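Notes follow once the structure below has been shown.
Within every chain, numbering begins at 1; the chains are lettered A, B, ... in the order of the sequence lines, protein sequences first and strands thereafter. All values below were derived from every heavy atom in this structure, side-chain atoms included, with hydrogens, water molecules and symmetry-related copies excluded. All values reported here derive from a predicted model rather than from experimental measurement.
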There are 2 protein chains.
Amino acid sequence: METERKSSGTVGKALSVLDQVASFERPVRFNDVLEDSPFPKATLYRILQNLVTEGLLTFDREWQTYSLGVRLVRLAHSAWTQSSLAPVARPHLTALSEATGETIHLAQLDGPHVLYLDKRDAKRRITMFSEAGKVGPAYCTGVGKAMLAFLPKDELERILPQQSYHRFTPATLCSQQALTGELEQIREHGFALDREDHEPGIICVAVPVLSRTKQMMGAISITSTSARTSLGKLEKLVPDLQNAASEIATAAEYWRFPDNQRTPEKMEI
Amino acid sequence: METERKSSGTVGKALSVLDQVASFERPVRFNDVLEDSPFPKATLYRILQNLVTEGLLTFDREWQTYSLGVRLVRLAHSAWTQSSLAPVARPHLTALSEATGETIHLAQLDGPHVLYLDKRDAKRRITMFSEAGKVGPAYCTGVGKAMLAFLPKDELERILPQQSYHRFTPATLCSQQALTGELEQIREHGFALDREDHEPGIICVAVPVLSRTKQMMGAISITSTSARTSLGKLEKLVPDLQNAASEIATAAEYWRFPDNQRTPEKMEI
DNA sequence: CCTTTGGTTCCGAATAGTGAAACTAATATT
DNA sequence: AATATTAGTTTCACTATTCGGAACCAAAGG
């Protein structure tokens, strides 16, 4: 389930190493990295050193281990607050969660994966950093399918073959063909269902967040368990979801022009 | 207050551009970046393109703007959960905040700055992603001074001249000399005080988190207002703080060896 | 003492990055 | 309508970085 990026250029190589270190999920020694690295010893060594001096990795002298550097956390804070839908969506997610009493997700696409940017859990109302930033598969989650369905054709064609199509449950759509058919349906209805595709007992409805120009910006979903509710009941919440989605979209549109730069009037072309 | 990194090598240059884009705090057009960039047009252009294809930036075709890419959020999630003190410290921070009823911070150094990794606010008990990742000055915050005081001499000498020494309040220590003196005190007492150095009315006590080998790993603090409490009362909480700090340190130590790799026994050299 | 394992350094060859300048596509100006 | 200006993109000869095989070093194991 690792992201395979076309790592051209020097930065690409460096980042692929960074990703690899991240994938270990613990501090690693030089040899651990070397073992499944496409790079020869000397090259890898230099790349790691570079990453350390750039602050993307930290090197623990005592243990001779590399781990991800705090500089990333700082960058991500900026990324989260400015580039994504997350900050503008926040109040709407809260409202949705209070109105429905269910779990809410906000996600965007990161390459072929779904990246969760925010989450509201109805029970303990707490959103932690450790929740945002998680990745999941696109082909078998509500938000994933909702987003794929509204992607431009060329991008979709690039992403579909990159899905793993692993069978998680009996309901998982395990082939590109099956998925394409489902996406067609979703496009028609305007919303996606997760019929326990990913986890047994977990169901959800999701809608895309579309800009004024019908560009897909992300997706939001309401998740529950098949024990507590049913797909039918969830479908009744679709209007609320769509409402929230369009509010988020317009909020995001405005949010780009706090006061300076191009004026909102100019948008009306 | 911008971080000036020695951007040698190709990745360094790319990252400096990334930082620059981040510093705008809004989507930017090519020319905005060009205007105060050390790089010539063509070079900057290519660097930006690289960053986009690497997913560190996203390019909005409609508006022709660059903003930080979601890939950073994913990386930061890994960074937060694995490289930093944050995950192991979490339960201890919660405990502290419940015991004292005050605001708790966990911070590490990111170059010359303080980077906040977690926060517990006593009132509305909510920790949001948008809180972690914030940066602040080191020379005039409790956590900052606590960390500087326990830094190895050579590192300290590199970092001290990089502080801005801006006067925020009458109590701010505005010179390297004044700061050095204070650090001496802190080293003696084992804890740092923020006597409204940074914000009027805001006071705090902070202690460093030190590893078994006395390496400085971060700092934690209890913050309050001068209206609600006093420095004297805060000082009474130092033992609790130090307790938490040492628990965090040992937890972090163990956390490095979930099961595999070097065994804990080997640590006893 | 020799060998193995893990990590670091060298240096010529190969590659990727550089940036002045030319070009295009949109406004704005005369 | 013709021209100037501004913003963004492409080209290409030049050059600085990066690459990586091989040699080297240091510590642990026999």
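Scored by the side-chain contact (heavy atoms from CB on, under 4.5 Å) test, S211(A) finds T213(A), Q215(A), M217(A), E253(A) as partners (sequence neighbours excluded). Legend: residues meeting side chain to side chain donor-acceptor pair (under 3.5 Å) with Q20(B), ordered by chain and number and at least two apart, are D36(B).
Distance, L44(A) CG to dG21(D) P: 13 Å, rounded to whole Å. Spacing between atom CZ of R46(B) and atom P of dT15(D) amounts to 16 Å, rounded to whole angstrom units. Here the C1' atom of nucleotide dT17(D) and the CZ atom of F39(A) are 15 Å apart, to the nearest Å. Atom CG in N50(A) sits about 16 Å away from atom P in dA16(C), given to the nearest Å. Atom CG of L48(A) and atom P of dG6(C) are 16 Å apart (whole Å).
For T10(A), a side-chain nitrogen or oxygen approaches OP1 or OP2 of dG17(C) to under 4.0 Å. An OP1 or OP2 oxygen of dT17(D) is reached within less than 4.0 angstrom by no side-chain nitrogen or oxygen of K13(B). Applying the 4.0 Å criterion to OP1 and OP2 of dG19(C), one finds that T43(B) has a side-chain N or O inside that range.
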- Reading nucleotides 6-14 of chain D from the 5' end, what letters show protein touch, with B for base, S for backbone sugar-phosphate only, - for no heavy atom under 4.0 Å? -SBBB----

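A 4.5 Å side-chain heavy-atom check between K134(B) and V73(A) finds every atom pair outside the cut-off. Two residues are said to be in side-chain contact when any heavy atoms from C-beta on lie closer than 4.5 Å; F150(B) and V207(B) fail this criterion. L44(B) is listed as a side-chain neighbour of F30(B), based on a closest heavy-atom distance under 4.5 Å.
A salt bridge between R29(B) and D60(B) is absent, with no side-chain N of the basic residue lying under 4.0 Å from a carboxylate O of the acidic one.
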